[in-house]
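Reading through the structure tokens given below for one structure.
Quick note: residue numbers are just sequence positions, from 1.
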Amino acid sequence: MIYVSYFLAFLAILTMVVNAVLAFRLRGALIGGEIRSRWSLLSNFILIFLFGYILSPLLLVFSVPVEFMGAVIFLIFLFGAVFVWIVIRIIRDVLTVMGVLED
């Protein structure tokens, strides 16, 4: 079962590497302003996630105590919640600029 965990970790890391590349390419294409600054923050969160994804299987390899692993996992959950909040704000701003939202 441990090999399944490592395989899933590898797939998650690979996916996050692709996401990071795409996010930073998009950030480079955005013109300045509020959306670009939020997208930069979002891109940095993707890097934090990538670091957490890389760290997770290493915690298993080095037999880190469960208490520390729990803290890392819940820290990743916290960053995930903030990430979703930023995405919602970006989408709201884009829809406002497009005139799609009601006041």
Using a 4.5 Å cut-off on heavy atoms from C-beta on, say whether the side chain of [Y] contacts that of [X].
X     : Y     : value
Ile31 : Arg36 : no
Tyr6  : Leu60 : yes
Leu47 : Phe24 : yes

Say whether [X] and [Y] are linked into one hydrophobic cluster, either directly or through other cluster members, by side-chain heavy-atom distances under 4.5 angstrom.
X     : Y     : answer
Val64 : Val61 : yes
Ile2  : Leu11 : no
Ile90 : Leu95 : yes
Leu59 : Tyr3  : yes
Ile46 : Val87 : yes

Without swapping roles, check the side chain of Trp85 against the backbone of Gly80 for a donor-acceptor pair under 3.5 Å.
->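 A pair under 3.5 Å: no.
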Would you compute the distance between atom [atom1] of [X] and atom [atom2] of [Y] and round it to the nearest 0.5 angstrom?
X     : Y     : atom1 : atom2 : answer
Met16 : Ile48 : CE    : CD1   : 10.0 Å
Leu55 : Leu75 : CG    : CG    : 10.0 Å
Asn44 : Phe79 : CG    : CZ    : 11.0 Å
Asp93 : Ile88 : CG    : CD1   : 12.0 Å
Leu42 : Arg89 : CG    : CZ    : 12.0 Å
Ser56 : Leu8  : OG    : CG    : 12.0 Å

Where do Arg38 and Ile86 come nearest, in terms of heavy atoms and distance?
-> O-CG2, 4.0 Å
Please name the pair of heavy atoms, one in Trp39 and one in Ala23, separated by the smallest distance, quoted to 0.1 Å.
-> NE1-O, 3.0 Å
Apply side chain to side chain contact (heavy atoms under 4.5 Å, CB included) to Val72 and Ile76, showing your working.
-> CA-CA 6 Å; Val72 170; Ile76 292 171; 4.1 Å; yes
For Ile54, what residues pass the side chain to side chain contact (heavy atoms under 4.5 Å, CB included) criterion, not counting sequence neighbours?
-> Ile13, Leu50, Leu58
Measure the acute angle between the ring planes of Phe49 and Tyr53, then classify it against the limits of 30° and 60° as parallel, tilted or perpendicular.
->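 Because their plane-to-plane angle is over 60°, the rings of Phe49 and Tyr53 count as perpendicular.
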